[in-house]
2 protein chains.
Amino acid sequence: MTRFNPPAAENVIEVIRQSLDDLRKSERKVAETVLDNPQHILGATLAETAALALVSEPTVIRFCAAIGCEGFQDFKLRLARSLALGTLPTGSQLESEDTTSELIGKIFGYTISSLDWVRNRLDSRQVSQAIQILSNAQSIEFFGLGASGVVAIDAQQKFPLFGVPCGAPTDTHQQIMTAAMMKPGDVAVVISNTGLTLAMIEVAQTARESGAKVIAITGSRSPILAECDAGIIIETLENTNIYTPAISRIAALVVIDILSAAVGLRRDAEHGEKFANMKRLLLGQRRRLQNTKKM
Amino acid sequence: MTRFNPPAAENVIEVIRQSLDDLRKSERKVAETVLDNPQHILGATLAETAALALVSEPTVIRFCAAIGCEGFQDFKLRLARSLALGTLPTGSQLESEDTTSELIGKIFGYTISSLDWVRNRLDSRQVSQAIQILSNAQSIEFFGLGASGVVAIDAQQKFPLFGVPCGAPTDTHQQIMTAAMMKPGDVAVVISNTGLTLAMIEVAQTARESGAKVIAITGSRSPILAECDAGIIIETLENTNIYTPAISRIAALVVIDILSAAVGLRRDAEHGEKFANMKRLLLGQRRRLQNTKKM
DNA sequence: CTGTTTATGTAGTAATGCTACAAAAAATAC
DNA sequence: GTATTTTTTGTAGCATTACTACATAAACAG
């Protein structure tokens with residue numbers, strides 16, 4: 001009776017992909033048909049789906065049961081939910097005739113669905129490894145150029161909140177100097193979307209030679225990983241359109257959020273209380289700025 | 001026959017809310033029932049929904065038609081899609097026992113649904129106004145501190161791609177100086193999540209006195225708006241949890257994407273071709289960095 | 001090759017969504 | 001205020017749809 005544990009679904013599409021091997025031959029035909037064009041299945045009826053997969057209707061139903069759904073209807077609902085994110089960017093080619101509302105919808109939609117895509121491809125083991133290293137860091141330096149430089153600066157603003165002193169030098173000379181001055185116990189986080197930028201590869205090498213641990217955050221399985229102790233790959237869907245928002249930097253910011261939250265939670269017991277004060281100090285800063293104003 | 005133009009749906013829940021006034025009495029009962037507990041309707045059948053709203057089944061169907069759906073099934077699918085975003089953050093309180101996978105899921109989920117929230121509350125007229133001003137700018141200066149400073153730097157990296165020279169001074173003294181040196185035809189974009197930071201208010205005033213147009217990007221209907229020619233309010237849901245990702249900076253980046261894309265599209269005819277070159281130059285820059293390396 | 005298990009399809013059933021029509025309510029005209 | 005039209009809502013029936021019991025076919029073991 002029991003074939004395998006029914007995967008408690010959240011993202012059906014992902015579940016189907018993972019269950020592919022456990023399915024029977026004709027059930028797999030259904031699975032492939034669904035994966036091939038999920039959007040179309042949404043509009044289709046049970047009979048149509050069966051015809052499309054060249055199987056009988058009950059097989060489709062058994063397929064639904066196999067992936068943990070109550071029935072075909074339930075399956076379609078879950079599918080709709082999964083597709084809500086993945087579907088958003090359809091027809092999101094920006095056009096100069098677009099109204100502002102359309103532009104807002106398209107760019108937000110594209111950003112949201114891209115983030116979903118990134119999430120599904122993020123390797124939690126890579127992230128765990130990075131957290132492990134960061135948790136034990138005495139100090140952290142973030143390195144990046146261009147858009148990745150923005151991410152580095154952002155990270156440098158977040159981590160101190162959890163009791164880790166850190167920096168983010170912005171120009172290549174400062175970066176190499178800082179990397180050269182690092183010492184065992186320190187951690188260097190090198191951010192490079194392409195992973196090809198030579199200046200960044202060099203920073204990674206230098207930091208490592210100085211005895212620091214090196215973590216890379218990059219957009220693909222790129223050369224820079226060879227110079228690092230841990231690497232987080234943020235896979236974004238390439239989009240050649242000029243006006244397309246650069247999703248990689250936003251995805252990287254979210255990863256920074258994850259890392260800082262994880263490190264923060266680990267240090268919670270020790271530094272948790274300090275945070276409330278920090279926030280009050282920041283508030284005070286805003287007041288004090290008024291007095292030091294006119295240069 | 002024709003009652004009102006059927007709203008081409010995207011987010012059904014939003015459509016329902018907007019259509020409330022145009023609906024008939026008993027259709028509105030259905031609408032309210034759905035809005036009251038959309039999650040429950042997803043699992044319900046047509047008959048159940050009708051019973052819950054104390055109306056007949058055809059009324060429910062007419063309701064579906066009125067909000068632009070093909071029928072009850074179609075309505076449920078669209079509802080599922082809308083809810084996919086809105087439901088994500090449930091139970092996303094971060095806990096120190098969370099596994100890395102859970103952490104990733106929660107933070108991405110929170111970010112995604114927050115962006116959806118922001119999108120639904122963004123006033124396209126405010127954005128249009130900002131686009132209008134930016135399109136005519138001779139040069140643009142972005143101002144921000146802390147997390148907003150990161151956004152300013154990001155913006156300063158994007159806009160030049162579309163033919164607008166710009167800057168983003170980072171410390172308060174540079175900011176005031178730059179603001180004081182601006183001239184008619186220039187545009188200052190002042191980014192402040194709180195909208196209370198005095199240094200930023202001052203920058204806005206100074207820039208305006210210099211004859212520049214001033215645009216504010218802020219988190220609420222805040223005092224800084226009084227000093228500006230246009231304002232974009234990015235409403236984010238406050239979350240007091242320490243480790244919660246700062247959604248406002250990410251939302252602001254998306255807004256920057258929208259603004260830059262819009263301005264870019266407007267200048268398309270003139271500057272569109274230049275972009276391809278720009279990208280090639282950037283690639284070359286990566287190579288050249290190797291030679292200038294060792295300080 | 002035979003018996004057993006597993007996988008798939010056929011045929012029928014219950015229920016679901018939908019439509020034609022009628023009743024009721026509201027609006028308008030006189 | 002009544003009559004007539006228009007609009008709104010409900011009733012009853014129909015066509016489809018999803019699903020289930022059973023039978024057949026395929027795979028496998030001995």
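Letters A, B, ... mirror the listed sequences (proteins, then strands); counts begin at 1. Any value given below was found using the heavy atoms of this structure, including those in side chains, with hydrogens, waters and symmetry copies removed.
- Between B:Thr45 and C:dA15 there is no side-chain N or O to OP1 or OP2 distance below 4.0 Å.
- The existence of a salt bridge linking B:Glu32 and B:Lys29 is excluded, since no basic side-chain nitrogen approaches an acidic carboxylate oxygen closer than 4.0 Å.
- C:dA24 atom P lies 16 Å from atom NZ of B:Lys25, rounded to whole Å.
- At the heavy-atom level, A:Glu57 lies under 4.0 Å from base atoms of the strands shown.
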Please report the C-alpha distance between A:Ser124 and B:Ser101 in whole Å, then the side-chain angles of each, then the deciding distance to 0.1 Å, and finally whether the side chain to side chain donor-acceptor pair (under 3.5 Å) criterion is met. CA-CA 6 Å; A:Ser124 64; B:Ser101 301; 3.3 Å; yes

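- Atom pair A:Phe72:CZ and D:dC19:C1' shows a separation of 12 Å (rounding to whole Å applied).
- Computed from coordinates, the B:Phe75 CZ to C:dG17 P distance equals 12 Å when rounded to whole Å.
- In this structure, A:Thr59 does not reach the C:dT8 phosphate: none of its side-chain N or O atoms is under 4.0 Å from OP1 or OP2.
- Between the side chain of A:Thr45 and the main chain of A:Glu48, no donor-acceptor pair closer than 3.5 Å is present.
- Rounded to a whole Å, the NZ atom of A:Lys29 is 15 Å from the P atom of C:dA7.
- To the nearest angstrom, P of D:dA27 lies 14 Å from CZ of A:Arg24.
- Using a distance-only test at 3.5 Å, with no hydrogens or angles considered, no donor-acceptor pair links the side chain of B:Arg121 to the main chain of B:Ile234.
- Atom CD of A:Glu48 and atom P of D:dT16 are 12 Å apart (whole Å).
- The residue among B:Pro58 and B:Gln73 whose nearest nucleotide of DNA chain D is located toward the 5' end is B:Pro58.
- Checking D:dA18, C:dT8, D:dT9 against every side-chain atom of A:Ile61, the shortest atom distance belongs to D:dA18.
- Taking atom CG of residue A:Leu46 and atom P of nucleotide C:dG17, one finds them 15 Å apart after rounding to whole Å.
- The existence of a salt bridge linking B:Arg249 and B:Asp154 is excluded, since no basic side-chain nitrogen approaches an acidic carboxylate oxygen closer than 4.0 Å.
- Protein atom CG of B:Leu23 is 13 Å distant from nucleotide atom C1' of D:dT8, rounded to whole Å.
- Between A:Ser56 and the phosphate of C:dT8, there is no side-chain N or O to OP1/OP2 separation shorter than 4.0 Å.
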